[in-house]
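Before any comments, here is the structure.
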Number of protein chains: 2
Amino acid sequence: MARVTLQTIADEVGVSRMTVSNAFSRPDQLSAALRAQILDAAARLGYSGPDPAGRALARGRTGVIGVVLTNSPRDAFADEVAVGFLRAVAATLADEGYSLVLLHSSERSDVDPVRDIAMDGAIVYSCAPRAREVTALRERRLPVVTVESAPLGDEPRILLDDAAGSGQAAAHLLEQGHRDIAVVVTSVDAADEPLDPAHRGRASGTIGRRLDGWASVLTGAGVVPRIVGTPGFDVDDVLRERIAAMLDDPPTAVLAFSDLAALEVIGQARDRGLRVPEDLSVVGFDDSPLAARVSPPLTTVRQDVDAKGTAAATTLLALLRGERRPDLTLPTSLVVRGSTGRPPVVAAG
Amino acid sequence: MARVTLQTIADEVGVSRMTVSNAFSRPDQLSAALRAQILDAAARLGYSGPDPAGRALARGRTGVIGVVLTNSPRDAFADEVAVGFLRAVAATLADEGYSLVLLHSSERSDVDPVRDIAMDGAIVYSCAPRAREVTALRERRLPVVTVESAPLGDEPRILLDDAAGSGQAAAHLLEQGHRDIAVVVTSVDAADEPLDPAHRGRASGTIGRRLDGWASVLTGAGVVPRIVGTPGFDVDDVLRERIAAMLDDPPTAVLAFSDLAALEVIGQARDRGLRVPEDLSVVGFDDSPLAARVSPPLTTVRQDVDAKGTAAATTLLALLRGERRPDLTLPTSLVVRGSTGRPPVVAAG
DNA sequence: CTGAAAGCGCTTACAG
DNA sequence: CTGAAAGCGCTTACAG
């Protein structure tokens, strides 16, 4: 049996196709009696309403917003911060009747969601500037908002004041008396060497701003931190190995780029018999749900992941209505908990 | 300036619209030279490829798979088990070139993603049988797979062998010597009363099967457990209050329907000075990432969330190819960790 | 290797 | 309140 469409119902009832369309989409355009008759016929024929694909083409609107994440869906979901962001985005979009589609980077050459999926706009989250997905998205000229990413063009941007929070974290360690401090980051290939401006030049935007925050405060106090980094964008094997190497000659404190990285440092330190914070102070970044739960609870830089997601969605929604919202830089602030303290006292000599 | 379409490029190059279409979608259908010329013109005119909405209508395929979750996006993301499931689904779909769209339940009457979004199929995860989204989805007659849900019709189903794992959990407590045992569940309105068959009748499918597993083992040993439940589908305020009431006269052991519920019980028990497991043994369900991390590590029933997501996606993908996979029941098994032990010895009298 | 024809299912002004 | 016309942007056989 042929597919049931508007026309099928129209023929059945003896009206035109657009009257049936109106019955579903513009109830005020026809009499209640006729509408009831049409809806009744539709139910009888098993027609559940206008086909969304046809409607999307005719209306020029799909009701779908894409989200491009740094990595594959698998990695993005592994990260509580990314999940919290997605949650807020989805909830905000839902309020306006939009749904969220996850745009993964595909290894297949024949399909590319960023290019091939029908959507009304997109949010780019924490993406490398030259990622293939990002350039593909730009070519489509869709309304876009970028979050903690390099700008694609002149789209509205949501940023984090990374430097403020990391500066506070560095100041906190100085106050406690630390002088031998290491920073642990991604996107920089560095194996426990003195931090210098060249490192900053190679870092991603987000990491670059955090390096700035740490470095400006520390060097202002005459402290040159050590830098441990991976060329990758996650806590990967390279980073784990370099953290291990760093702990062969441990600093008294570590500033990590994320809570997960901080937990990796703490885990490794403990395996070697180092106590946190007595032998080693560790500061995270994000204030993920985990941070307060672990023991000792993590001193970390808080960012409001929920506000970030809400702001991204709200800004994109405004853009779809033709309103341009200003760029937004969200605050960060240090939360002192139990993973930091005074440096260990060493025997002189 | 008018929108750039296939026709724009065709006019520019002096070929027909379908030749331009072929240049993008079926490269083997035209000469390399002509194709290069077309792609070049497209780049010059800022045309990034065939519009997905037009393509979706013509092809009858969108590349999008919907996922319906129990609750709003906000709640679903809050749960590590649901997030793990989504992650596996998204990764498996991505391998086949499909993207995942989150179908939230909307409070707005004018939009309903389950009805209005173009998609090729859907996965229904842990949904109540009469949820509005579910019935709307059925009406669309899309290929569907349900996961831990009541059947919609004759769609392929992925289930969990809830009774096996919960039976093992109950047996474990009996072995340890427990006789005063409470079960903590959702979807049943019960305030610390003796479990009887009527409770089971009111429970959701998943909870019902877990009640069966617990009850069959316990009653076989002459133990009638107490039941504490909320009419809701989450750890909500009602459940929290009833757990508190239960702890006024604590059992020696608790079987919880999820790890999060188990952690709630442990948290409240500690606030009252009860030690886990010395004063109270607690068993969770799920073996979420949290279970092994908390202290004491949680004795729980493991389910393979990743396998569940992969199976759901694989089964739906097969359905889209016209292959019907058999229903699948995934195993569960008890993981004994530190939150269970022997019951406290009480002074006779 | 290329194109004319037909069609995917719907909606938007507009006229009556 | 209802319908004829035009169109949304694309693809699928099919014929040459």
Side-chain angles (χ1 to χ4, degrees), chain A residues 2-39 41-42 45-63 110-111 115-120 140-142, chain B residues 2-39 41-42 45-63 110-111 115-120 140-142:
Chain A
R3 185 166 174 190
V4 179
T5 69
L6 280 186
Q7 190 65 63
T8 319
I9 314 299
D11 294 345
E12 171 80 8
V13 179
V15 295
S16 79
R17 200 159 23 120
M18 46 273 4
T19 297
V20 180
S21 172
N22 283 336
F24 282 99
S25 305
R26 310 170 84 180
D28 53 311
Q29 297 294 301
L30 72 178
S31 69
L34 179 56
R35 176 156 191 259
Q37 194 189 342
I38 290 173
L39 261 30
L45 295 170
Y47 182 73
S48 68
D51 179 76
R55 182 178 259 185
L57 183 58
R59 284 188 174 168
R61 178 190 181 279
T62 63
D110 58 329
V111 274
R115 177 166 40 81
D116 297 333
I117 289 195
M119 51 189 163
D120 300 330
R140 279 181 68 178
R141 295 156 209 274
L142 288 170
Chain B
R3 185 166 175 190
V4 179
T5 69
L6 281 185
Q7 190 66 62
T8 320
I9 315 298
D11 294 345
E12 170 80 8
V13 179
V15 294
S16 78
R17 200 162 21 123
M18 49 272 4
T19 298
V20 180
S21 172
N22 283 336
F24 281 99
S25 305
R26 310 171 83 181
D28 54 311
Q29 297 293 302
L30 73 177
S31 70
L34 180 55
R35 175 157 192 260
Q37 194 190 341
I38 290 172
L39 261 31
L45 294 169
Y47 181 73
S48 67
D51 178 76
R55 181 179 259 185
L57 183 57
R59 283 188 175 169
R61 178 191 181 279
T62 63
D110 58 329
V111 275
R115 175 166 43 80
D116 298 333
I117 288 196
M119 52 189 161
D120 301 329
R140 279 182 68 178
R141 295 158 208 273
L142 287 170

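Since the structure is predicted, the reported quantities are computational estimates derived from the model, not experimental observations. A note on names: the letters A, B, ... follow the listed sequences, proteins ahead of strands, and every chain is numbered from 1.
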Item to check | For DNA chain D, the residues among residues 18-35 of chain A that have a non-hydrogen atom under 4.0 Å from it | outcome: A:M18, A:T19, A:Q29, A:L30, A:S31, A:L34
Checklist entry - If every non-hydrogen atom of B:A42 is compared with every non-hydrogen atom of B:F24, which pair is closest and at what distance? => result CB-CZ, 3.8 Å
Next on the checklist: Assess the residue pair B:L45 and B:I9 against the criterion (side-chain contact (heavy atoms from CB on, under 4.5 Å)); give the C-alpha distance rounded to whole Å, side-chain angles, the decisive distance to 0.1 Å, and a yes or no.
Outcome noted: CA-CA 8 Å; B:L45 294 169; B:I9 315 298; 3.7 Å; yes
Item to check | A:L142 CG to A:D120 CG distance, which is reported to the nearest 0.5 Å | outcome: 8.0 Å
Next on the checklist: If we check side chain to side chain contact (heavy atoms under 4.5 Å, CB included) with A:V13, which of these qualifies: A:V20, A:T8, A:I38?
Outcome noted: A:I38
Checklist entry - Can you find a pair of side-chain heavy atoms, one from B:V15 and one from B:Q37, that are under 4.5 Å apart? => result no
Checklist entry - Looking at side-chain heavy atoms only, is the closest gap between B:R35 and B:P27 below 4.5 Å? => result yes
Item to check | Inter- and intrachain pairs under salt bridge (Lys or Arg N to Asp or Glu O under 4.0 Å), touching residues 7-17 of chain A, at least two apart | outcome: A:E12-A:R44
Next on the checklist: Less than 4.5 Å apart, side chain to side chain, heavy atoms only: is that true for B:D51 and B:T5?
Outcome noted: no
Next on the checklist: Please convert DNA chain D into dot-bracket. A pair counts if it is Watson-Crick or G-U wobble with both distances under 3.5 Å; crossing pairs go in [ ] and bases paired with another strand get |.
Outcome noted: |||.||||||||.|||
Next on the checklist: With rounding to the nearest 0.5 angstrom, report the CG to CG distance, B:L39 to B:L34.
Outcome noted: 10.0 Å
Checklist entry - Which distance, rounded to the nearest 0.5 Å, do you find between the CZ of A:R3 and the OH of A:Y47? => result 8.5 Å
Checklist entry - For the atom pair CD (B:Q7) and CE (B:M18), what is the distance rounded to the nearest 0.5 Å? => result 7.5 Å
Item to check | side chain to side chain donor-acceptor pair (under 3.5 Å) partners of residues 22-31 of chain B, not counting sequence neighbours, each pair once | outcome: B:S25-B:R55
Next on the checklist: Below 4.0 angstrom, which residues in residues 6-17 of chain B have at least one non-hydrogen atom near DNA chain C?
Outcome noted: B:V15, B:S16
Item to check | Segment of DNA chain C, first to last nucleotide, that comes within the 4.0 Å heavy-atom reach of chain A | outcome: C:dG9 to C:dT12
